[in-house]
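In what follows, every chain begins at residue 1, and chains take the letters A, B, ... in the order their sequences are listed.
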Amino acid sequence: MTKPLMLRGMGSHVPFETDRATVWSLRFEKSDGAKVVIALGEWTETGLQYLPYGLVAIFDEAAARGFTIPDNLGSARGYDWR
Amino acid sequence: MPATTCDTRYGRQTKQTSSNDLIGGTSLLLEKARRYLAGNAVGWTLSNRTTQTCGGRCTLESWRDPLDALPILYAEDHGQLRRIAGALRSSELTHVKYAVPREGSWQGSRPQENVDEIDDGVQLLTKIDGVVVRWAMAGANEGLYAGLLCQTNVTLIQPLSHSLT
């Protein structure tokens with residue numbers, strides 16, 4: 001039985017320099033519930049922080065939900081996309 | 001049926017800048033400005049341009065261009081999002097690979113077990129093809145780039161795989 005990966009959600013924000021919402025995180029899920037969130041960021045001594053020049057792959061739901069950036073209302077887990 | 005363009009910009013690349021020496025927002029803005037002004041001189045050194053087909057499914061291209069040339073993903077870009085979603089839906093995921101894993105962590109900190117840091121290039125590979133996610137810039141704007149990826153012409157630098165079970 002195959003378990004395809006689905007693009008399930010994204011996090012977006014409107015950077016200071018533009019009025020268009022850019023995507024800063026993408027959430028992929030398998031049908032069995034396994035998921036990975038890929039986001040702009042890095043790991044610092046205080047935890048995950050936004051960094052435009054690096055990526056983080058988050059395999060933990062709680063960590064994805066807890067990773068936010070100041071001008072984004074949501075988290076790296078993002079909102080659902082279909 | 002038109003060919004799908006795949007991202008193969010991992011063939012022979014060397015990173016010329018590092019984000020590890022960036023400290024604080026001021027340096028970040030300076031770095032962004034430097035990248036913007038430097039154009040082709042900053043970013044990635046890539047292999048010479050080649051084009052070939054990939055099993056009739058897509059066209060492989062590699063070329064020399066700066067990171068600024070990568071189109072960033074906008075929230076309303078549903079066409080590209082559908083292409084990404086479609087590529088992954090067609091086959092079972094086999095690996096999550098990192099083209100350029102993190103070389104060092106900030107002040108010696110270590111990510112938690114279920115979080116990986118990557119300098120660039122997260123590849124979601126299926127049995128057929130896959131998707132690559134990179135960080136990118138469009139002028140002074142930053143965001144994610146997501147493109148289709150054909151595995152047959154990909155050479156990973158320091159490949160690292162993470163099982164998604």
Common cluster, B/Met137/A/Val14, ILVMFWY with side-chain heavy-atom separation under 4.5 Å: no
Among the listed options B/Ile84, B/Leu124, B/Ile72, the residue most often paired with chain A at heavy-atom distances under 4.5 Å: B/Leu124
A/Val23 and B/Asp77, any side-chain heavy atoms less than 4.5 Å apart: no
Cluster link B/Val115 to A/Ile69, ILVMFWY, side chain under 4.5 Å: yes
B/Asn141 side chain near A/Arg20 side chain, heavy-atom distance below 4.5 Å: no
Which residues share a side-chain hydrogen bond (donor to acceptor under 3.5 Å, both in side chains) with B/Gln80, sequence neighbours left out: B/Arg83
Spacing of B/Gln123 atom CD and A/Ile38 atom CD1 [to the nearest 0.5 Å]: 10.0 Å
Pairwise side-chain contact, A/Phe59 with B/Asp116, heavy-atom cut-off 4.5 Å (strictly under): yes
Euclidean distance, B/Leu73 CG relative to A/Thr22 OG1, rounded to 0.5 Å: 9.0 Å
Which atoms of A/Leu48 approach chain B - backbone, side chain, both or neither, heavy atom under 4.5 Å: side chain
Whether B/Trp135 side chain and A/Pro52 backbone form a donor-acceptor pair below 3.5 Å: no
Minimum heavy-atom distance between A/Leu55 and B/Arg134, given as atom pair plus value: CD1-CA, 4.0 Å
ILVMFWY network linking B/Tyr74 to A/Tyr79, side-chain heavy atoms under 4.5 angstrom: no
Non-hydrogen atoms of B/Ile118 and A/Ala57 that approach each other most closely: CD1-N, 3.6 Å
ILVMFWY cluster, B/Leu144 and A/Trp81 together (side-chain gap under 4.5 Å): yes
Sidechain-backbone polar pair: B/Glu117 side chain, A/Val56 backbone, donor-acceptor under 3.5 Å: no
Interatomic distance, B/Glu142 atom CD to A/Leu51 atom CG [nearest 0.5 angstrom]: 9.0 Å
Student check: side-chain heavy atoms of A/Ile58 and B/Asn114 closer than 4.5 Å: no
Within one Ile-Leu-Val-Met-Phe-Trp-Tyr cluster: A/Val36 and B/Leu148, side-chain cutoff 4.5 Å: yes
